[in-house]
**Student:** 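Below are the structure tokens for one structure; questions will follow.
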Amino acid sequence: MTKWVYGFGDGSAEGRADMKNLLGGKGTGLAEMNHLGLPVPPGFTISTEACGYFYAHERSYPAELREQVECALAGIERSLGARFGDPDNPLLVSVRSGARVSMPGMMDTVLNLGLNDRVVEGLARKSGDERFAYDSYRRFIQMYGQVVLGIENHFEELIENHKLDSGVLLDTDLSADDWRILVAGFKDLVAEELGRPFPEDPQEQLWGAIGAVFGSWMNPRAVTYRRLHDIPADWGTAVNVQAMVFGNMGPDCATGVAFTRNPSTGANEFYGEYLVNAQGEDVVAGIRTPQHLTIAGKQANKSVLPAMEEVMPEILAELHAVRQTLEDHYRDMQDIEFTVQRGRLWMLQTRSGKRTAQAALKIAVSLVEEGLLTREQAVRRIDPASLDQLLHPTLDPKAKTAILARGLPASPGAASGEIVFTAEEAESRASRGEAVILVRIETSPEDIHGMHAARGILTTRGGMTSHAAVVARGMGRPCVAGAGDLRVDYAARTITARNIAVKAGEVITIDGSTGEVMLGAVPTIQPELSGDFATLMGWTDTIRRMKVRANAETAADARMARRFGAEGIGLSRTEHMFFQADRIGAMRRVIMAEDETGRRAGLAQLLPMQRDDFAEIFRIMKGFPVTIRLLDPPLHEFLPKTPDEFVEMARLTGKDVDAVRHRALVLHEVNPMLGHRGCRLGITYPEIYEMQAAAIFEAAVLVTKETGGMVAPEIMVPLVATRKEFDILKAIIVRVGKEVMERAGIKVAYLLGTMIELPRAALRAGEIAESAEFFSFGTNDLTQTVFGLSRDDATSFAGAYQRLGIFEHDPFVTLDVDGVGELVRLAAERGRAARPGLKLGICGEHGGDPASVGFCQTVGLDYVSCSPFRVPIARLAAAQAALAGQGRDATV
Ligand code: ADP
Ligand code: MG
Ligand code: MG
């Protein structure tokens, strides 16, 4: 016979903490508190398997369930010496939902179940408090009516009208008779709406509530929440039925909630609120102002209402002991609910408490210091993605803000600056050292240089995977995307929302962590990278196997990468170095050149700039490896498009406008993503890669002279599909290297390798590895080419694909392990078979995605590389991946 029901009470329970899947979070918490000897009203949990059965059998119950529930209910009756539905000695229960993870959208709790017109009289007699009895009854009708019977909440209106009629201000001033009249009114309301009377039979009430809990698992709110949080539908919810305890029986009664530590700072202090003479969720419902548990809490929050420490000191002492017991047991901060009935404390819930990222760090580190956790367990506790909150400038919480509009929190961090509307303006203003926010309806690849130059990006269209959002996250620029109530008028150079117009040049502030757009400059606070953060990060470094590098091409980004703990550069995109105002001209000349001589002239101008850039990065990286990718320009990003731009280009390059137009036409590509780029450019215009190789070697030689050898360049060829391509370019690079080193009389050790970003390269990895010394998986392009999908064009259908479950995750955010991952695995195997020491890394955006980092560990990559802001996330994810691989501490 299947066991569907698990009882608890009087210090014992059939459930345990590790039965969350079966009993849900609330059910296991109640069971575990019984094992710990804490005072918990007796009750039972109907398992999630019963929920599974319910949905597999047209919303019906397993045959044995009724009997098991009756039996468990009888157990509660025995324990309390009261009977469900007995007017002389009534037992009342609460019916509570509870899935594995706490889930808004599920059924709300029904309290005081088991009351009817006769039982309420018994409750009044037994408690000697008529007012309490009728207050409980009306609460029950109200909750049951709304939650189980689906009746709209017109109950509060009835209460308000009655108060007006009888000249009473507060609910607490209503008498037993008032509540009696209101109960009658409530029941009429139900009968009217429902077409039948309010159910008087306690058994019918109970099964109605159980059915409503199971039914709520599939309500639209719950379904949406599950979809957003990747919660499988087949988990189901449990139902908890528990004897009522009453916090609303008078001045020696109370109800409250608490965190065992401060959930916003993580400080080891008891933090909670309570209300005297109240029930259930009154504390959080905002009807009365809750009071603080401790005097310290009261003072810190400038409350004038008495603390529990003053009103009920013995109860607070008891709660302190409960707090200690729970923390020692769970080794984590708990979120608890309790009720005091006539001077006696009852525990109603415990679960791991939600906390800010900052609090999570402090708590994990403190628990290690207190000897409750090992370092490994602490490292496992932190959600890598949550670190994002800590790594960006944030708004000063003390600052006043005037919100203009809201959009999506597309890329975290806060930034202020003057409004500009074009990438060109962003770039030229930024090059004069001015702070600007680039505001666009939406962005496109042509805007990249402006996005790079801006402090932050604001768009009015597009979602979390729009071009602006993806690129901004990659660059670590704060971004608010899709701020739909803002109107951008490019012609008038204004943005307007709520009838407030802001002009170009005026200052706004955006918060990419919340999606808010504010007027004026709001002061920001720089991230704090010492203290608990540094401590925990230090632990991750001793645990992980994979190295973590950063994608960076500017000195500023390289410095930031070091600050965040990067152990080298995994990708330096040389084309990004040409976006700066003083270089783009030379770059355009190279592109516009019709012959080799013209190109060489432009390249000669670029060489010293590149050399200086590389030298600076080598200096900053102090001997850590620096992977420099040879030019892979999206050519169209440098090409003029409009007549005005043709004229400007002609002026810049000294050509006539017709020549410019002609050249643009020749270079125009139908599909630039698959066009004349990457090593294809190096093959057809070898002088470009020659120049870059020379710049790299000259920089390496220079810094070797300065430092005595702290330089480790890794030169990387992009978009290789065949070994032949690589070999042709390798010959050039090796030759240039030899020349530069001979000229300088210095030898510099370097590696020469390739990106693996095309399916053919992955398949032919064996032969490519005979020639290449390292592979770096460029999983952005690899994802595009494996799926045959352009990232910039995917936004129009990616949403539908995710809704329909065709994409479980956005494949540009989380690596598609089954498809793209299979190719990575295969290339790694074939590459290593051909060259045992082959160095393997990843440099796509996936290098900073925790789930993808886990995958990289399983394929045996040597390092992951990601944008500087994601380096700490990757360090933590890599440590967690290493622990997962060892199977250590799997329980935490
Ligand atoms: P939620 O998941 O929304 O927290 P709960 O089931 O915990 O819902 O209950 C809502 C409120 O009712 C909480 O304040 C809880 O403490 C209170 N409550 C639940 N069961 C009982 C009970 N048996 N006796 C007294 N109060 C209860
Ligand atoms: Mg609730
Ligand atoms: Mg609760």
Side-chain angles (χ1 to χ4, degrees), residues 7-9 23-31 33-34 38-46 72-73 76-77 79-80 82 84 90-115 123 127 132 135-136 139-140 142-144 146-148 206 209-210 212-213 216-217 221-222 225 237-249 253-259 272-288 290 319 322 334-342 344-354:
F8 57 83
L23 302 182
K26 206 170 282 168
T28 46
L30 292 167
M33 286 197 292
N34 270 287
L38 299 178
V40 179
F44 58 87
T45 305
I46 305 174
L73 196 60
I76 307 180
E77 292 176 333
S79 158
L80 296 177
F84 190 57
L91 163 70
L92 303 185
V93 296
S94 63
V95 177
R96 323 167 65 185
S97 59
R100 282 188 215 183
V101 293
S102 115
M103 221 178 81
M106 290 298 302
M107 193 198 85
D108 288 325
T109 299
V110 176
L111 302 178
N112 311 330
L113 187 138
L115 279 172
L123 184 66
S127 63
F132 150 73
D135 177 42
S136 300
R139 285 173 189 264
F140 169 55
Q142 209 170 337
M143 281 187 257
Y144 196 90
Q146 276 176 257
V147 170
V148 180
L206 178 62
I210 293 171
V213 172
S216 73
W217 181 252
R221 273 194 305 162
Y225 183 86
T237 179
V239 182
N240 299 287
V241 177
Q242 188 177 24
M244 283 301 301
V245 285
F246 299 99
N248 57 337
M249 272 181 150
C253 301
T255 183
V257 296
F259 290 92
E273 296 175 332
Y274 79 109
L275 275 178
V276 173
N277 200 6
Q279 189 173 38
E281 298 196 290
D282 290 0
V283 175
V284 286
I287 302 168
R288 283 162 60 191
L319 271 173
V322 168
Q334 297 291 297
D335 168 355
I336 60 176
E337 294 176 2
F338 59 88
T339 281
V340 181
Q341 176 176 327
R342 301 219 159 131
R344 191 153 170 216
L345 174 69
W346 294 97
M347 297 307 300
L348 292 167
Q349 189 169 317
T350 186
R351 64 177 167 204
S352 149
K354 290 226 181 330

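All values below come from the heavy atoms of this structure, side chains included, with hydrogens, waters and symmetry mates left out. Whatever order the structure lists them in is the order used to number ligands and atoms, beginning at 1.
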**Student:** Flag the pair F338 / V245 as yes when at least one side-chain heavy-atom distance between them is below 4.5 Å, and no otherwise.
**Tutor:**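 No, their side chains stay 4.5 Å or more apart.
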
**Student:** Pull out every atom of ligand 1 sitting under 4.0 Å from any heavy atom of V245, numbered as shown with elements.
**Tutor:** 24 (N), 25 (C)

**Student:** If you measure every N/O of S94 against every N/O of ligand 1, is any gap under 3.5 Å?
**Tutor:**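 Yes; at least one N/O pair falls below 3.5 Å.
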
**Student:** Would T255 count as being in polar contact with ligand 1, using the rule that some N or O on each side must be under 3.5 angstrom apart?
**Tutor:**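 It does not: no N or O of T255 is found under 3.5 Å from an N or O of ligand 1.
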
**Student:** In chain order, what residues pass the salt bridge (Lys or Arg N to Asp or Glu O under 4.0 Å) check against E337, with sequence neighbours excluded?
**Tutor:**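 Here the qualifying residues are R96.
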
**Student:** Relative to the heavy atoms of T109, which atoms of ligand 1 are at a distance of less than 4.0 Å?
**Tutor:** 5 (P), 6 (O), 8 (O), 9 (O), 10 (C)

**Student:** Without swapping roles, check the side chain of S97 against the backbone of V239 for a donor-acceptor pair under 3.5 Å.
**Tutor:**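 Judged by distance alone, no pair lies under 3.5 Å.
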
**Student:** Strictly under 2.8 Å, how many protein N, O or S atoms lie near the Mg ion (ligand 3)? Waters don't count.
**Tutor:** 3

**Student:** Using atom types as modelled and distance alone, determine if a side-chain donor or acceptor of Q279 lies under 3.5 Å from a backbone N or O of T255.
**Tutor:**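 Checking the backbone N and O of T255 against the side chain of Q279, no donor-acceptor pair under 3.5 Å is found.
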
**Student:** Donor-acceptor pair, distance only, cut-off 3.5 Å: does the side chain of Q242 make one with the backbone of P41?
**Tutor:**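 Confirmed, Q242 side chain pairs with P41 backbone.
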
**Student:** Quick one: does K26's side chain have a donor or acceptor within less than 3.5 Å of a partner on Q349's backbone?
**Tutor:**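 Between the backbone of Q349 and the side chain of K26 there is no qualifying donor-acceptor contact (under 3.5 Å).
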
**Student:** Considering only heavy atoms of G280, which atoms of ligand 1 have at least one such atom less than 4.0 Å away?
**Tutor:**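 Every atom of ligand 1 under 4.0 Å from some heavy atom of G280: 11 (C), 12 (O), 14 (O), 17 (C).
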
**Student:** Record the part of Q349 in heavy-atom contact with ligand 1 below 4.0 Å; permitted values are side chain, backbone, both and neither.
**Tutor:** side chain

**Student:** I'd like to check D108 versus Q146 (side-chain heavy atoms, cut-off strictly below 4.5 Å). Are they in contact?
**Tutor:** no

**Student:** Answer whether the closest heavy-atom distance between the side chains of M103 and W217 falls below 4.5 Å.
**Tutor:**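 Yes, their side chains come closer than 4.5 Å.
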
**Student:** Taking N or O atoms only and a 3.5 Å limit, does K26 qualify as a polar contact for ligand 1?
**Tutor:** yes

**Student:** If you define the side chain from C-beta out and look only at heavy atoms, does anything of N248 sit under 4.5 Å from R139?
**Tutor:** yes

**Student:** Do the side chains of D335 and R351 get nearer than 4.5 Å, heavy atoms only?
**Tutor:** yes

**Student:** Check ligand 1 against L111 and write out every atom of the ligand that is under 4.0 Å from a heavy-atom position of the residue.
**Tutor:** 12 (O), 18 (N), 19 (C), 20 (N), 21 (C), 27 (C)

**Student:** Taking both backbone and side-chain atoms of A243, is any N or O found less than 3.5 Å from an N or O belonging to ligand 1?
**Tutor:** yes

